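All heavy atoms count here, side chains included; hydrogens, waters and symmetry mates do not. For clarity, every value in this text was computed on a predicted model and none was experimentally measured.
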Amino acid sequence: MDLSIIIPTFNRLWSLPKAVNSCFDPSLEIEVIVVDDGSTDGTWQWLEQQKGIISIRQDNSGKDWAVNKGFDIATGKYIRFLDSDDWILPGSSANLFKRAEEDELDIVCAGHQVFDEKERFIKEINWTVCDDFLAQQLGECDSSHYSAYLFKKEFIKDIPHRQEYGAYDDRKFIIEVAIKQPKIGYMELPALAHRAHNNNRLQNTTGMQNAVNHWAFYKIFYSAFATLESKKMLTQRYKSAACNNLWHLAHWLAYTSIADANTVYKWVFELDPNYKPADNKALATLYRKLGFTATEKLLAFKRNLGI
């Protein structure tokens, strides 16, 4: 089997058929594995009627348990992970596979296209060429979307998707993969169509769940640095790369806890005393002039007034 494509799904019958149909390529031997995470919208009934795909049903346990269950039975030499609201661009799997085989790569990366919920094209995000894959994944530059990647199954077999990282499970996964120092390559053509929508998804959260996701994001970098330190791999470049994510995370955390956010903000400048954000410079100026805590208190006051 050349390629296994793993699709976890929950109540997405409105988009799943397009995702499944996009997977097939006559030039490759492909198995499509769909794991239904306890859907109640008729997804399982639809899957039971489909031929040529492997369908698994589990009680509602979460996306990552579904992905791991699919991975356990996958027989392809390579793996692609696909969300059930996105779709694979025609010919991309064959191109990724060809590059992986020719250069004996562990991962082949690509850019992606973004569409709205009515499948209208918004933009294309090309793959950013970087000489350090881990620095890229930590935040040094754009890293596209991991569903646009092709992974060699043998290389990632000991790295599960982890449910405790919520909406950032794929970021945790890809950083763990990057720490293993894979041999990577890329193709210039996009490999994925990502659908931007406001329907139920892990990234669309509010209140306490938002705070939980933000702390999960923090834990990704904290644990990554601990691992890199133990392997004597933690360089200033990696610290500075992560600051691009952590600086913004501090602002997001301030919506629920300014004290906790301030801890993250201080950590940024412990990692890189000379750090300067590339964007949101007006906010950075306020932080410098008023201080982080005073600025965030002011912003919270304005939010409460509806300004």
Side-chain angles (χ1 to χ4, degrees), residues 3-24 30-76 78-88 112 115 117 119 145-149 151 153 156-174 176-177 192-217 219-220:
L3 172 63
S4 299
I5 301 175
I6 300 170
I7 307 175
T9 191
F10 176 70
N11 285 347
R12 285 201 178 142
L13 187 55
W14 61 273
S15 60
L16 179 61
K18 185 177 183 71
V20 169
N21 291 334
S22 74
C23 293
F24 299 100
I30 296 175
E31 64 178 5
V32 180
I33 303 171
V34 182
V35 185
D36 177 18
D37 188 36
S39 296
T40 57
D41 65 346
T43 289
W44 181 246
Q45 290 74 18
W46 181 83
L47 286 170
E48 286 184 308
Q49 298 173 10
Q50 306 310 305
K51 296 180 180 180
I53 65 174
I54 300 170
S55 302
I56 304 172
R57 182 170 172 81
Q58 67 177 25
D59 292 336
N60 185 227
S61 305
K63 170 196 166 185
D64 298 286
W65 289 107
V67 171
N68 293 336
K69 185 170 287 189
F71 188 86
D72 286 344
I73 66 166
T75 62
Y78 298 96
I79 301 287
R80 288 190 73 174
F81 301 104
L82 180 65
D83 290 338
S84 57
D85 52 352
D86 297 336
W87 64 93
I88 288 173
H112 65 286
F115 294 80
E117 56 189 301
E119 300 179 15
H145 192 300
Y146 99 135
S147 290
Y149 297 5
F151 299 89
K153 186 174 190 284
I156 62 170
K157 66 180 182 180
D158 60 344
I159 304 176
H161 282 64
R162 304 184 191 277
Q163 189 72 23
E164 61 268 32
Y165 290 91
Y168 297 107
D169 58 333
D170 53 348
R171 178 58 45 195
K172 172 63 174 173
F173 172 80
I174 198 63
E176 285 193 69
V177 172
L192 174 75
H194 174 63
R195 190 194 310 254
H197 63 85
N198 293 318
N199 294 330
N200 184 35
R201 60 188 307 170
L202 287 173
Q203 291 81 2
N204 295 343
T205 57
T206 57
M208 185 175 293
Q209 187 57 51
N210 227 1
V212 169
N213 281 332
H214 290 154
W215 272 115
F217 196 55
K219 285 169 57 182
I220 289 172

Problem set entry | Pair D41-T43, side-chain donor/acceptor within less than 3.5 Å | yes
Problem set entry | By ring-ring contact (aromatic ring centres under 6.0 Å, His included) - contacts of F151 (at least two apart) | F81, Y149, F173
Exercise. Which residues pass the salt bridge (Lys or Arg N to Asp or Glu O under 4.0 Å) test with K153, sequence neighbours left out?
Worked result: none
Problem set entry | Geometric class of the H145/H112 ring pair [parallel <30°, tilted 30-60°, perpendicular >60°] | perpendicular
Problem set entry | Test applied, side chain to side chain contact (heavy atoms under 4.5 Å, CB included); reference residue, F24; option that passes from V32, I88, I5 | V32
Problem set entry | N/O donor-acceptor pair under 3.5 Å between S84 side chain and I7 backbone | no
For this session: Mind checking salt bridge (Lys or Arg N to Asp or Glu O under 4.0 Å) for K219 and listing every partner two or more places apart, or none if nothing turns up?
Result: none
Exercise. Among Y146, W65, F71, whose ring-ring contact (aromatic ring centres under 6.0 Å, His included) with H161 holds?
Worked result: Y146
Problem set entry | Exam field: side chain D37 to backbone T9, donor-acceptor pair closer than 3.5 Å | no
For this session: Would you check if R80 and L82 make a side-chain contact, meaning some heavy-atom pair closer than 4.5 Å?
Result: no
Problem set entry | Chi angles and distances behind the salt bridge (charged side-chain N to carboxylate O under 4.0 Å, His left out) call for D85, R195 | CA-CA 6 Å; D85 52 352; R195 190 194 310 254; 5.9 Å; no
For this session: Taking atom types as modelled, find out whether E31 and T75 have a side-chain donor-acceptor pair closer than 3.5 angstrom.
Result: yes
